[in-house]
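Since this is a predicted model, take the numbers as computed values, not measurements. Remember, it's 1-based here, ligands and their atoms both numbered in the order they're listed.
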Amino acid sequence: MAQPGLFISFEGIDGAGKSTHIAGLAEAFRAQGRPVALTREPGGTPLAEKLRALVLNDAMDPLCEALLMFAARRDHLLQVIEPALARGEVVLCDRFTDATFAYQGYGRGFDLGVLRQLETWVQSLPENPVQLRQPDLTVWFDLPPEVAAQRLAGARVPDRFESQPVAFFTRVAAGYAQRLAEQPSRFARIAADQPVDAVWLKVQQAFVQRGWLTPQGQL
Ligand code: TYD
C-alpha cells in the first residue's frame with residue numbers, strides 16, 4: 001500500500017536560505033523512492049501565481065494583502081496540496097500560513113484574530129471540517145535579520161517584502177518564534193547562521209529523527 005502523504009512547509013525571513021535545502025530534501029526523498037511535489041506560496045497554481053505577482057509588486061492595504069495571501073492558499077490547497085497528499089506524495093512547500101502570521105501579522109501589524117479566522121476558513125476541508133489542514137512539519141530557518149540583510153544586499157531587485165528595513169524582519173522573526181511557541185510539536189527550528197553544510201546536516205537530522213528519511217541523503 002502507498003505510504004500516506006507528508007506535508008512539509010519551510011519558513012524563515014528573506015535571505016534565510018530555504019531554497020538550497022528544499023532542493024536537497026526533494027532529492028533525498030526521491031532517492032529513497034518517494035514521489036515529491038515541490039511547490040511554493042504565494043503561488044503553486046496558475047491563479048495563485050497571478051495573485052503572487054500582484055501581492056509581491058503592487059501597493060495595497062494590509063487587509064487586501066492578507067486576503068490575497070489566503071485566496072492564493074485556498075486555490076493551492078485544493079488544486080495541488082490535497083491531491084498530492086491523497087496520492088501519498090511528499091509535499092515540500094516553500095512557505096505556508098506561518099508566513100502570513102509572521103509577515104502580515106507581526107511584520108505589518110495586521111489583526112491576528114482576523115488571520116486566525118481566515119486560517120480556519122481556508123484550511124478547513126469539506127471531508128474533515130473539524131480539523132484544519134496544517135503541515136506535518138514546519139522547518140523554520142532562524143537567521144538573525146542583520147545577517148539576512150547582509151546576504152540579500154545587492155542580490156537582485158527587491159520585491160515589496162525584501163525591500164523592508166531590518167526592523168520589519170525583526171518583527172517577522174518574532175512572529176515565527178510565537179508560532180513555534182504555540183505549536184512546538186509542528187516545528188523544527190534550524191539555526192541558519194552557519195555554513196550551508198552544517199545547516200543541511202541539521203535539516204536532515206530533523207527528518208531522520210522522525211523516521212521520514214534514512215541518514216544517507218547528500219546535498
Ligand atoms: P520567497 O518565499 O522568499 O520567494 P523568493 O525566494 O522567490 O523571493 O518570497 C515570498 C515573499 O512573500 C516573502 O517575502 C514572504 C512573503 N509572504 C508573505 O508576506 N505572506 C505569506 O503568507 C507568504 C506565503 C509569503
- Query: So which protein heavy atom does atom 16 (C) of ligand 1 come closest to, and at what separation?
  - Reply: Phe161 CD1, 3.7 Å
- Query: What residue and atom, counting heavy atoms only, is the protein's closest point to atom 20 (N) of ligand 1, and at what distance?
  - Reply: Gln104 OE1, 2.8 Å
- Please work out which of Met69, His76, Arg73 has its closest non-hydrogen atom nearest to atom 18 (C) of ligand 1. Met69
- Query: What residue and atom, counting heavy atoms only, is the protein's closest point to atom 25 (C) of ligand 1, and at what distance?
  - Reply: Pro42 CD, 3.5 Å
- So which heavy atom in the protein is nearest atom 1 (P) of ligand 1, and how far is it from that ligand atom? Arg95 NE, 3.4 Å
- Message: So that I can tick it off, tell me whether Glu49 and Arg40 are bridged by a salt bridge, with the cut-off set at under 4.0 angstrom between side-chain N and carboxylate O.
- Response: yes
- Query: Counting heavy atoms only, which of Arg160, Gln164, Arg108, Arg52 is nearest atom 9 (O) of ligand 1?
  - Reply: Arg52
- Expected output: side-chain Arg189 to main-chain Trp140 donor-acceptor under 3.5 Å: no
- Applying a 4.0 Å heavy-atom criterion (strictly less than), which segment of Leu56 is in contact with ligand 1: side chain, backbone, both, or neither? side chain
- Which atoms of ligand 1 sit under 4.0 Å from any heavy atom of Ala99? 20 (N), 21 (C), 22 (O), 23 (C), 24 (C)
- Near Glu41, which atoms of ligand 1 are under 4.0 Å from a heavy atom of that residue? 24 (C)
- Under 4.0 Å to a heavy atom of Glu162 - the qualifying atoms of ligand 1, by number: 8 (O)
- Task: Identify the protein heavy atom lying closest to atom 6 (O) of ligand 1, giving its residue, its atom name and the separation to 0.1 Å.
- Result: Arg156 NH2, 3.9 Å
- State whether Arg108 and Glu65 are salt-bridged, where the test is any N-O pair (Lys NZ or Arg NE/NH1/NH2 against Asp/Glu carboxylate O) under 4.0 Å. yes
- Enumerated ligand 1 atoms positioned under 4.0 Å from heavy atoms of Asp14: 3 (O), 13 (C), 14 (O)
- Exercise: do Tyr103 and Asp14 side chains pair donor with acceptor under 3.5 Å: yes
- Is Lys50 paired with Asp75 through a side-chain N to carboxylate O contact shorter than 4.0 Å? no
- Can you tell me if Glu182 and Gln178 form a side-chain donor-acceptor pair at under 3.5 Å? yes
- Task: Could you check atom 22 (O) of ligand 1 against the protein and tell me its nearest heavy-atom contact, residue, atom and distance included?
- Result: Thr100 OG1, 2.5 Å
- Which distance, rounded to the nearest 0.5 Å, do you find between the OH of Tyr106 and the CG of Asp98? 11.0 Å
- Does the side chain of Arg116 reach to within under 4.5 Å of the side chain of Phe101, using non-hydrogen atoms? yes
- Salt bridge Glu11-Arg179, side-chain N to carboxylate O under 4.0 Å: no
